[in-house]
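So the structure is just underneath, and the comments pick up after that.
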Amino acid sequence: MRRGRFTEDQIIGVLREHEVGVKTAELCRKHGISDATFYNWKAKYGGMTVSEAARLRALEDENRRLKKLLAESMLDVSALKDLLGKN
């Protein structure tokens, strides 16, 4: 997965600036991001604190790991079924 230029802390800082009253176009120009990027950040991180964002990242990592384990076990079961079906 591609890692962006901005950390979650920086993203939340940009969103806080917007909450204070800085206009979207000015924020995007200042930080060198597009409007679409800003609104994607707002959808994902809007209203979060830094600790909540870190927890979200940890949960996403755990979910990714669990999905991988499930896929591997399903592949093993499928291989065993194929093996037993041929005998």
Side-chain angles (χ1 to χ4, degrees):
M1 186 170 136
R2 180 180 177 270
R3 299 299 287 172
R5 296 186 312 182
F6 295 93
T7 63
E8 291 165 341
D9 299 344
Q10 292 170 327
I11 292 169
I12 292 172
V14 170
L15 294 176
R16 290 218 192 273
E17 286 182 47
H18 184 259
E19 290 173 2
V20 171
V22 180
K23 296 187 181 200
T24 305
E26 186 178 330
L27 270 177
C28 292
R29 189 171 38 254
K30 177 182 173 186
H31 295 285
I33 59 173
S34 68
D35 288 344
T37 299
F38 174 79
Y39 288 113
N40 284 336
W41 288 354
K42 189 173 180 181
K44 186 171 183 178
Y45 298 103
M48 280 191 187
T49 62
V50 175
S51 62
E52 290 170 341
R55 176 142 171 80
L56 174 66
R57 183 182 34 186
L59 288 173
E60 288 173 344
D61 290 343
E62 181 181 7
N63 193 27
R64 188 177 308 107
R65 185 181 57 81
L66 291 173
K67 283 182 179 181
K68 182 180 176 186
L69 287 173
L70 176 64
E72 289 172 353
S73 67
M74 289 176 69
L75 185 62
D76 290 343
V77 167
S78 175
L80 288 173
K81 283 182 181 179
D82 287 345
L83 182 64
L84 293 175
K86 290 181 181 179
N87 289 334

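All of these numbers come straight from a predicted model, not from anything done at the bench.
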### Query
When rounded to the nearest 0.5 angstrom, what is the spacing between OG1 in T37 and NE2 in H31?
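Going from the OG1 atom of T37 to the NE2 atom of H31 covers 13.0 Å.
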
### Query
Could you give the distance from CD (E60) to CG (L56), rounded to the nearest 0.5 Å?
4.0 Å

### Query
Any side-chain heavy atom of R5 within less than 4.5 Å of one from I33?
yes

### Query
Does the side chain of I12 reach to within under 4.5 Å of the side chain of R16, using non-hydrogen atoms?
yes

Please tabulate, for the side chains in residues 66-76, all donor-acceptor contacts under 3.5 angstrom to protein atoms that are two or more places apart in sequence or on a different chain.
{"unit_1": "S73", "atom_1": "OG", "unit_2": "L69", "atom_2": "O", "d": "3.4"}
{"unit_1": "S73", "atom_1": "OG", "unit_2": "L70", "atom_2": "O", "d": "2.9"}

### Task
Evaluate side chain to side chain contact (heavy atoms under 4.5 Å, CB included) for E8 paired with M48, printing each intermediate quantity in order.
CA-CA 10 Å; E8 291 165 341; M48 280 191 187; over 6 Å; no

### Query
For the residue pair C28 and S34, what are the closest heavy atoms and their distance?
SG-O, 3.7 Å

#### Entry: Nearest non-hydrogen partners of W41 and L15, listed with the distance
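Looks like O-CD1, 3.7 Å.
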
### Task
Just grab all the side chain to side chain donor-acceptor pair (under 3.5 Å) pairs involving residues 19-28, residues at least two apart or on different chains.
H18-T24

